[in-house]
**Student:** 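I have a structure here, written as structure tokens, and I will follow up with some questions on it.
By convention in this document, chain letters (A, B, ...) are assigned in the order of the sequence lines, proteins followed by strands, and residues within each chain are numbered from 1. These numbers come from the heavy atoms of this one structure, side chains and all, not from hydrogens, waters or symmetry mates.
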Amino acid sequence: MAATYREFTGLNLPATEQEILAKWTEQQAFEKSVSLREGATPFVFYEGPPSANGMPGIHHVISRTLKDLVCRYKTMKGFQVKRKGGWDTHGLPIELGVEKELGITKEDIGKKISIEEYNQKCREAVLRYKDKWDDITRKMGYWVDLNDPYITFKNEYIETLWWLLSELYKKGLLYESVSIQPYSPAAGTGLSSHELNQPGTYKDVKDTSVVAMFKTVKDEKTGFLYNALGQDNTSDEVFFMAWTTTPWTLPSNLGLTVGGNIDYVLVKTFNPYTHLPVNVVLASALLGKYFKPEGENGDFGGYTAETKLLPWTVLTTFKGKDIEGASYEQLLPFEANSFEDSIQYSTENAKPFRILVDSFVTTEDGTGIVHTAPDFGADDFKVGTKYGIGYFTHVNKYDKREKLVLVDLEGKFVNGLGEFSNRFVKNYKDDKAYADVNVDISVKLKKENRAFKVEKYEHSYPHCWRTDKPVLYYPLSAWFIKTTAIKDRMVQLNKTINWKPASTGEGRFGNWLENMVDWNLSRSRFWGTPLPVWQTEDGREEVCIGSIEELNAGIRKASEVLGGDVNKNYLHEGILDLHKPYVDEIILVSPSGKPMKRVPDLIDVWFDSGAMPYAQWHFPFENKETFKQSFPADFIAEGVDQTRGWFYTLHAIACLVFDSVAYKTVVSNGLVLDKNGNKMSKRLGNVVNPFETIEKFGADATRWYLITNASPWDNLKFDLDGIKEVQRKFFGTLYNTYQFFALYANVDGFSFQEKYIPLEERPEIDRWILSSLNTLVKTVTGSMDDYEPTQAGRAVEDFVDEHLSNWYVRLCRRRFWKGEYSGDKISAYQTLYECLETVVRLVAPISPFFSDAVFRNLNAITNRFPGVESVHHTDFPVANEKAIDESLEERMQLAQDASSLILSLRKKVNIKVRQPLQKVLIPALNPKMKEQLEKVEDLVKAEVNVKEVEYLNPDNTFISKKIKPNFVALGKKLGPKMKAVSTALSQFSQEDIARLEKEGQYNLSIDGESVILQITEVEISSEDIPGWTVANKGSLTVALDVTVTPQLEAEGNAREFVNRIQKIRKESGFELTDRIEVIVTAANGMKESISQFKEYICAEILADKLEIVAELSDGIEIEVNDVLLKAIVSKKG
RNA sequence: AGAUCCGUAGCUCAGCCUGGUUAGAGCACUACACUGAUAAUGUAGGGGUCAGCAGUUCAAAUCUGCUCGGGUCUACCA
């Protein structure tokens, strides 16, 4: 006999995977999958670089499965898919990790440890877990090229970043400006949001809060307020009331912000402190906070200092937008914040002291009017910038380091603020004698009739996690990329990107683009890409370096021009490492001959990763051609949390520098949650270890589970039981189907040597499964092309389980072990083989191991793919349209439904399937249906063990029918009359239905109007057959003749007997082909049954002798339909 | 605070785009059956205010609005 198909010894996915992995390594399967496509159209994929300073988690497995399956699929579709790996190696997480490890803080860097040493530690830390990552990459079957990855800390990589930055600089898109950042005066440093999110930084504190009164200026905008004051008003002053918990910011006030659609009121009343008559403006929703209802329209004339109840009356109501642009007087004018000397000096054309409108205003607290100091609040800064009310921050073009913020970096007021000058705004020095300047400001306002309410207010406020002192939001200088300049273009290009799911692109990403702000690149850390900008001391001259060569030229030039020791360590070889501290030692020279130093900033690590399309190839310094062919990407995929991270930075840089998208399709996968829907975190201890999972259940089962359980973009509740189910149900079934095939193919020596039997010569069921298979290929291809792997996987699951295993194989079993090796049997083998071979190619992208194992086993014998080592080197199956026969698939569905119904009827009357029954009755509603049923009649009969099928013609009066409206058709036609018609139809008699069927239409009278019903507008189905047991599903009805005649009973006995003997054969461990001899005692009716069907029985059990005797002293006791027998079964020969 | 996704059986998910009258499947549970591949499978059973409210419509799980609950991102140094 020829070589045999390898049979598995059990379904052990992890073991199979080990074996396949070894083969892949040995045969360089991945490399070949790429090289075999040399010259083919490239499919460009970008690998988002992971940071290898942490352990890989299960959430990495899902996005990498997604990436891998798309790349494998595209390879099989004939593209060449190169996958260059990469590592993200800069950034705060790495630095914090190192700090923790060394037990130091940011301040210690440069003091306790040199920057050089520190960065060396970071460099060592970044690839700490690279081995683990390589390991998981291998074990999960992720094909990516890790031999030549891009690494973001490499000089070549950084050089490309510099080039990009210099391109931006040349276009005027890189600029220095001021932004409001959390700042700790006590520690003298800015804080990252990460630091601000440390536990315990937000504390409840009691601060002095004040409702300040800003006196309006009478002009066009405010005129209507003054007009509303009334004749009897004893005051002609109108005040805007604004509330703050940080009175120290009041001297810096430059605007008041209101909500455009919020209702405001002008209220006539008295100042509760000075008892002077005043008119104040606040949000109407907040009246209750300051005025008692009893005081409304109270006694104004009788009000004195002693009156407790404040009288008040609303003079007019208006919207916030009605006072947009209104002016008011500066609240606390001093020398240092005077308009002429300070504000205008700080900001050209500033227009301060106006009413602004913005959506962040609410009426939950305060007055509905927000005191706006652009220096000390991000929202304030934003709205202030929008309206151009100016800043105190002074960035002088020619002396940019001079700042004129009213509070200095130590947290104290500057000079020129009268009695508040040089006082700390909070007690930063732990001064025991500290007098709260906020209280003093409030007192001053009270005295000046400029405060309406002063009270202690408890709220949550961020504190510096190192000093425990409150944080200030403070303007600090930073470098920005002017992304807003090309916002429209970015929005426009985004519309050409295929987002999966689309909502992320339109919604989350689209909105993000709409509300884009300039990209703050600056980071004041140590381990990262340095900003390549050098400036002269006075800031008047600066240069942005775009390459190492340019820098080295600058180094030499500076040395020549400036002389002395300048750059002496870099003259010989140039710069060797583009990191701190080396770059900071470089002095360049300006055109006017002045020394220039590098600005201290590093850049956002997201720029590193967003620049990978260029930097991974060291473009434009090398690989120009390679770059051209691999930009933009056809496909990228990462977690949805990257939407505003990597997806954004890729898009931004591509738009800015190349006016192009960076990727054509992007799939954003959701999060992996634990089985209870909680985010996995080390703290909760619910993290799933991917190594253990893969070792235990196998990568294939894990991958299959991750992909088919939910759409990749939905969050996934990860549950190990789900993987077990996948293993058992999908892989178990596929495995069994293969084992079944191998078992018999080995017996018969089938190796696909015979010529391919044309479809038309194959039996109905073969043509059906092949039609189904080709439909499946179409479905899967469509889903995969649409980046819907979940649907692809589910479709295959359904096919393997319902069609292939539980219908085709089950119904065809006999064909494989009965009869000669010819004709029908070969057809069966060829059919099943084709199904298996096609299915493993379909699932190869998702479950690359098991599919390859089965493929290799099959191809080893048949060599249908000559010389092909792996399923991953084959082409993806292409549907054969000619094999698809919809009508065939439809009638097989009919057969399955009919069988299911008949089995259900058998169950109802408790007649087991081995007991043959005589007849089923099926009403055929139309000739087409009858024709369809007739073609599958034999299958149904065999499946449910019934001898004949009888059809009832539509015009019989035997069965009763039911009628219901075809809602889709009738709804459109009738509209509101639908209900009445529906009721009328439900009252139809059998005669009415018959008349409608006969005449094809029916005249109904609804509310006096006549409605003509067409036959096509109703659905008629059979309901019942009097005297028969019936069941129905949809339009299919079956009735079963449940009479068991003696003849049928005898046959049932015989079948039951066969079953018992087969069990004995199996238990005795006989081979499938062993011939046997049987001696049996049979009493009562059993003797007749057995002798009558002796021939049938012998054929079934492969017996050469079946002897019935009266007595047996030994033998196995068997029970056939409640009759006890004894039997001796012996192997012949 | 804003944006976005999600909410259907005890659990995991279909169905929603394109509205149609008994809302499905698998898992789990129970009983019976089938099996000369099966770790399967079939049949039957229990299990649902389709998160809630309002609207549009003859008709809403499906379309619209609001509310609630959960997740994520952003809110100026990942």
Side-chain angles (χ1 to χ4, degrees), chain A residues 10-11 51 91-93 96 179-182 190-195 359-360 362 378-379 381 473 476 478 501 503-504 507-512 515 517 520-525 528 601-602 604-606 639-645 670-671 673 675 677-679 708-710 713-717 719 721-722 725 727-729 731-733 735-744 794 798 801 805-806 809-810 813 816-817 899-900 903-908 910 912-914 964-971 974-982 1059 1062-1063 1065-1066 1070 1072 1100-1102:
Chain A
L11 178 59
S51 183
L92 199 59
L96 291 180
S179 76
I180 310 300
Q181 301 162 34
L191 297 175
S192 65
S193 68
H194 180 93
E195 289 167 304
S359 56
F360 72 82
T362 69
D379 280 336
F381 186 83
Y473 285 89
L476 296 172
S503 59
T504 299
R508 188 186 281 215
F509 197 66
N511 284 316
W512 168 248
N515 300 315
V517 294
N520 182 352
L521 265 188
S522 291
R523 300 293 183 267
S524 45
R525 295 293 318 191
D601 310 50
L602 298 184
D604 187 1
V605 282
W606 287 111
V640 69
D641 50 341
Q642 295 294 337
T643 305
R644 285 157 188 183
L671 302 171
L673 310 172
K675 61 190 285 187
N678 299 310
K679 194 183 179 184
T708 59
N709 188 62
W713 33 89
D714 283 339
N715 290 343
L716 174 80
K717 287 184 193 165
D719 187 359
D721 286 338
E725 193 182 323
Q727 199 182 32
R728 194 166 47 88
K729 213 172 148 55
F731 290 98
T733 308
Y735 159 84
N736 282 320
T737 308
Y738 170 77
Q739 288 287 83
F740 173 86
F741 166 80
L743 180 68
Y744 293 106
R794 285 175 177 170
D798 280 353
D801 184 45
S805 172
N806 282 305
V809 174
R810 199 155 55 86
R813 265 182 314 221
F816 292 92
W817 52 267
S899 301
S900 158
L903 289 174
S904 128
L905 289 174
R906 277 183 169 274
K907 166 74 194 153
K908 209 181 267 175
N910 253 326
K912 53 175 113 178
V913 182
R914 269 190 228 106
K964 73 172 190 181
N966 176 345
F967 283 96
V968 181
L970 267 184
L974 298 176
K977 277 181 255 169
M978 193 65 225
K979 249 187 188 141
V981 172
S982 181
N1059 171 260
Q1062 299 288 33
K1063 260 190 191 147
R1065 280 187 63 117
K1066 198 177 184 183
F1070 294 171
L1072 288 175
E1100 288 295 309
I1101 64 177
L1102 300 185

**Student:** Could you state the atom-to-atom distance from CD of A:Gln727 to C1' of B:rA39 in whole Å?
**Tutor:**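 In whole Å, B:rA39 C1' lies 9 Å from A:Gln727 CD.
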**Student:** Using heavy atoms to find the nearest nucleotide of RNA chain B for A:Val605 and A:Thr708 separately, return the residue whose nucleotide is more 5′.
**Tutor:** A:Thr708
**Student:** With C1' as the reference atom in both, quote the distance from B:rG46 to B:rA39 in angstrom, rounded to an integer.
**Tutor:** 27 Å
**Student:** How far does the P atom of B:rU21 sit from the matching atom of B:rU67, given to the nearest Å?
**Tutor:** 32 Å
**Student:** Work out how far the C1' atom of B:rC13 is from that of B:rG55, and round it to whole angstrom.
**Tutor:**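 My reading of the C1' atoms in B:rC13 and B:rG55 gives 30 Å.
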**Student:** Quick one: A:Arg810 CZ to B:rC34 C1', roughly how many Å, whole number?
**Tutor:**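 Interatomic distance, CZ of A:Arg810 to C1' of B:rC34: 8 Å.
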**Student:** Once you round it to whole Å, what is the distance between C1' of B:rG15 and CG of A:Asp798?
**Tutor:**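 Between C1' of B:rG15 and CG of A:Asp798: 14 Å.
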**Student:** Roughly how many Å is it from CZ in A:Arg728 to C1' in B:rC27, rounded to a whole number?
**Tutor:** 8 Å
**Student:** Given atom CH2 of A:Trp713 and atom C1' of B:rU72, what is their separation to the nearest angstrom?
**Tutor:** 17 Å
**Student:** Can you check the distance between B:rG10 and B:rA51, where both ends of the measurement are the P atom (answer in whole Å)?
**Tutor:**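 Looking at atom P only, B:rG10 and B:rA51 are 13 Å apart.
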**Student:** Just N and O in the side chain of A:Arg794: are any of them under 4.0 Å from OP1 or OP2 of B:rC13?
**Tutor:** no
**Student:** Between B:rU64 and B:rG20, how far is it from one P atom to the other, in whole Å?
**Tutor:**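 Straight-line distance between the two P atoms is 15 Å.
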**Student:** Report which part of the nucleic acid A:Asn520 touches: base, sugar-phosphate, or nothing (heavy-atom distance under 4.0 Å, all strands).
**Tutor:** base
